[in-house]
Amino acid sequence: MSSTLLEMSGIEKSFGTNKVLKGVNFELMPGEVHALMGENGAGKSTLMKILTGIHKRNAGKVAYMGEQKEYTDPKESQLDGIAIVHQELNMMKDLTVAENIYIGREEVNKGFINDHVAIEKTEQLFERLKVNISPTEKVDHLTVGQQQMVEIAKAISMDAKLIVFDEPTAALTEKEINELFKIIEDLRKKGIGIIYISHRMNEIKKITDRITVLRDGEYIGTVLTEEVTKDEIINMMVGRSLSEDPKQRSNVSPNAEEVLKVVGLKVGNTVIDVSFNLKKGEIVGFSGLMGAGRTEVARAIFGADKRDHGDIYINGKQVNIRNTHDAVKHGIGYLSEDRRRYGLVTGFSIADNVVMSALSNYSSNGIIQDHKVHQESEKYRRKMKVKSTSSTQIVRSLSGGNQQKVVIAKWLVRDSDIIIFDEPTRGIDVGAKSEIYDLMNELVNQGKSIIMISSELTEILRMSDRVVVMCEGRITGELPIENATQEKIMELATDRKEM
Amino acid sequence: MENEVKKKYKSTFKLGSQQLVALGALIVLYLYFFTMSPSFRSINTLASIFDSAYYIGFLAIGVTFVIATGGIDLSLGTVLITSALTGGWLYHNYSLPMWMTIIITILVGTMFGLLNGVLVAKLKIAPFIATLGTQMVARGLGSIITNVQTVVFPLRNSPDGWYKSIFKTSNNFPTGIFVLIFFAIVMGIILAKTKVGRYILALGSNEEATRLSGVNVDRYKLISYVISGFFMGLAGVAYASTYTTILPGEGLGFELDAIAGVIIGGTSLVGGVASITGTMIGVMIMAVLQTGLPYIGLQPHYQVLITGIVILVAVLADVYKFKWRK
């Protein structure tokens, strides 16, 4: 075996009195894909920030390419060939793809930027990566998945010897994920070391060589991927076992009443003639690739986007939903796929976010009754186990899973009967994930109905009573959960109409 | 836990760090003029500080709501003058009773606010551009209506002169300060304790998330401009009451004094954070500066220079406060 690329040993780090890393070890070989796993708050990001020089460690050693290192600035580690592909994309949306990749490294001639060089280099880069994106396209026009590819291309363009992927597949479609895996395979062959952070078991099993698990800042262990089962990994992460088994049969009786019916929905070219229904107490899973139009269907029903055609019936009565206000009045709630941007006012407290859609219920003579707001939000904070000090805590400071619970609480407080969950567990750790699943199940038991959009097939199969599959704006199939398998769903999801 | 909640929720008029700094600056500034100039110590000087605080104060209260949405209103000054011109012109030409003149003045301001609101919230024009347009439209209209003639409001000893006592009694007592404080309290409560205020702050903080919570954001944006408009009209009344003579073409620049007061008071120009208490402190700083600088022998152009520096310092303090926290 070739010499170690990176060796971190006995890393300790405290913020104030809060010890977040308690003697963590991590080792990476050239050409190795090494998974770093652990629940949110386990210390993965902090460890990576110490590696790149964003944080200073309190104790421990870092050896990179055989030399002791102590970076104090991310720029230094970047120059040494350490690159991070961030989970949250850091891009200049109004600049082009090429401009984003080569920002700070532009070819300048007599004070003028020579764009052609960057465009050519980007073209070559994309050719190598087999990515089909125009270098002159504005980043804003790309899908999230494509933007992720641009970030990866940027890391590779810097001649990185070590690349950290922080939840790279969270926003990608199956197809894009497969492409990403090919790229990673390619990088591995070139001897580049890869640290792969993800919550998705299947991916970890598929592409990594070794797995290091952290829990509450402690080093739990490093194992060879082929020698462990998924359950064993989960056990290491949470200290208890969780099932990922699919649902066996629908919990909804065939003659349950229909709470929502959508007929002939059309939105531009993204949603074409979509019709479906939702029964009381049912979870309908919307599956499909990214860009299939699932989120667009949800937004149109919720009144967030204008629809060109389509009738919406709630409890058998046709309703006219012109904006989000109308939708909420008719008892529909929507949890966006991007909760930080669209789901929460992150500068507001938990309490203020929780009552956002139902302020009228907590006002008397137009004045908001703070004690009522507080009581109610405190009730939900406890019930949903939002990890926080009080309901006056600012939402920005919560972890992803806890933020998602706040968004769910918002719609519970509003007493919505139909709740649309768009990627409810994206970027959420395993423990919080199962809590959110439990909540969803509890909701349908109470007679609420749920539309769940998810790109994770295991999630679709685990939660849905019925699966609706979309492809390129159309519904290509509907499967009762008894008949649904990953293979059948994928087949429908790629069932493209010939033009 | 209970205490913590009380602390936060009793905060309608609480002073944050920036308001405290501004309040300290106000006191230091006042004491400085007080020690430097004997004539500054007279009660008349205090009265003229309040005189300039009224109209800037009303403008500032209104525009705090617009700035809280992340918007801006550049039409404050010229709409103030046009409202007063319209009211005064109708008073003279149609012999309106004084109370109706006051109502019309406020209504004209409110209508301009509504216009701004429609342009920004419904027609989706950027606030800077929309209100810049309104600023010019208002200035032009004011001159056209009055045929570029000066409008003189009734004097104190005339039969309709009673309205002057709203802001100052005949023996120079600044009653207007109560009017200003009254509106500050009402608007402070609206900002902190009602749906209107909460949604205005929410949409200023994250418009899309607020919309996806089922809030009709366009309506609340519009309301913020209408509030601003109402206070432009009210400021027009205060201005007429204080200065009696209104010149068409005046008013340009008032908006910047008001906006400066708002910013000094800690309201964020990006939206989402606002404080009426802060705005009032900021306005008093502007008024003390305006009145005090001549007393230490500084000409008007120095006043502009120093005011500019004060604004920059206030904004810098805000920016670096955030950095230090990080």
Side-chain angles (χ1 to χ4, degrees), chain A residues 299 302-304 322-336 338-349 351-360 362-363 365-371 373-375 377-378 389-396 407 410-411 414 416 420 422, chain B residues 1-14 16 68-70 121-122 124 185-223 267-268 270-274 322 325-326:
Chain A
R299 288 178 60 96
F302 189 61
R322 293 156 304 173
N323 52 39
T324 57
H325 188 66
D326 289 342
V328 171
K329 262 197 316 205
H330 285 113
I332 305 177
Y334 174 61
L335 286 85
S336 160
D338 187 341
R339 58 190 159 267
R340 277 192 205 94
R341 197 146 29 126
Y342 301 132
L344 293 161
V345 179
T346 51
F348 273 23
S349 66
D352 287 343
N353 272 289
V354 165
V355 299
M356 182 82 94
S357 302
L359 261 188
S360 306
Y362 301 96
S363 308
N365 300 324
I367 304 289
I368 298 166
Q369 303 295 303
D370 289 324
H371 61 277
V373 169
H374 172 246
Q375 269 173 13
S377 51
E378 212 31 47
T389 53
S390 99
S391 57
T392 56
Q393 192 174 336
I394 301 299
V395 162
R396 189 183 293 125
V407 188
K410 176 166 81 180
W411 297 113
R414 188 65 178 76
S416 308
I420 306 170
D422 196 348
Chain B
M1 180 89 69
E2 208 50 38
N3 279 337
E4 193 183 341
V5 171
K6 275 194 187 133
K7 220 169 36 194
K8 199 241 157 175
Y9 279 125
K10 291 275 154 82
S11 68
T12 312
F13 301 104
K14 207 194 80 184
T69 67
K122 301 285 176 198
K124 314 286 178 202
I185 290 175
V186 171
M187 298 320 284
I189 291 172
I190 289 180
L191 183 65
K193 294 278 186 183
T194 68
K195 243 163 77 167
V196 171
R198 187 66 50 87
Y199 286 156
I200 281 175
L201 288 171
L203 82 92
S205 185
N206 187 341
E207 182 171 340
E208 191 61 10
T210 308
R211 190 165 79 98
L212 292 179
S213 297
V215 175
N216 193 340
V217 290
D218 289 350
R219 187 206 296 168
Y220 289 95
K221 236 192 232 177
L222 186 116
I223 288 174
T267 293
S268 161
V270 215
V273 179
F322 274 114
R325 270 204 199 141
K326 270 189 182 171

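Note on naming: letters A, B, ... go to the chains in the order of the sequence lines (proteins, then strands), and numbering restarts at 1 for each one.
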Bottom line for A327(A): the part with an atom under 4.5 Å from chain B's heavy atoms is neither
Which of the residues R341(A), R339(A), R414(A) is involved in the greatest number of heavy-atom pairs with chain B at under 4.5 angstrom? R341(A)
Chain B contacts, top residue of Y342(A), F302(A), Y334(A) (heavy-atom pairs, under 4.5 Å): Y342(A)
Please flag which part of L344(A) lies under 4.5 Å from any non-hydrogen atom of chain B: side chain, backbone, both or neither. backbone
Could you tell me which of V196(B), L212(B), N206(B) has the largest number of non-hydrogen atom pairs under 4.5 Å with chain A? L212(B)
Is it the backbone or the side chain of L201(B) that comes under 4.5 Å from a heavy atom of chain A, or both, or neither? both
Test side chain to side chain contact (heavy atoms under 4.5 Å, CB included) applied to V217(B) - qualifying residues, sequence neighbours left out: L203(B), E207(B), T210(B), R211(B), V215(B)
I need the T324(A) OG1 to E208(B) CD distance, nearest 0.5 Å. 8.5 Å
Shortest non-hydrogen pair, Y199(B) vs M356(A), comes out as OH-O, 2.7 Å
Over all heavy atoms of both residues, which pair between K195(B) and I368(A) is shortest? Give the atoms and the distance, please. N-CD1, 3.9 Å
One option among K329(A), R299(A), H325(A) has the most heavy-atom pairs under 4.5 Å with chain B, and it is H325(A)
Top of G303(A), S363(A), G347(A), G366(A) for chain B proximity - count of heavy-atom pairs under 4.5 angstrom: G366(A)
Hey, which of S205(B), A202(B), G214(B) has the most heavy atom pairs under 4.5 Å with chain A? G214(B)
Among side-chain atoms of S213(B) and K410(A), is any donor-acceptor pair under 3.5 angstrom? yes
Residue, of L359(A), N323(A), N365(A), N353(A), that accumulates the most heavy atom pairs under 4.5 Å with chain B: L359(A)
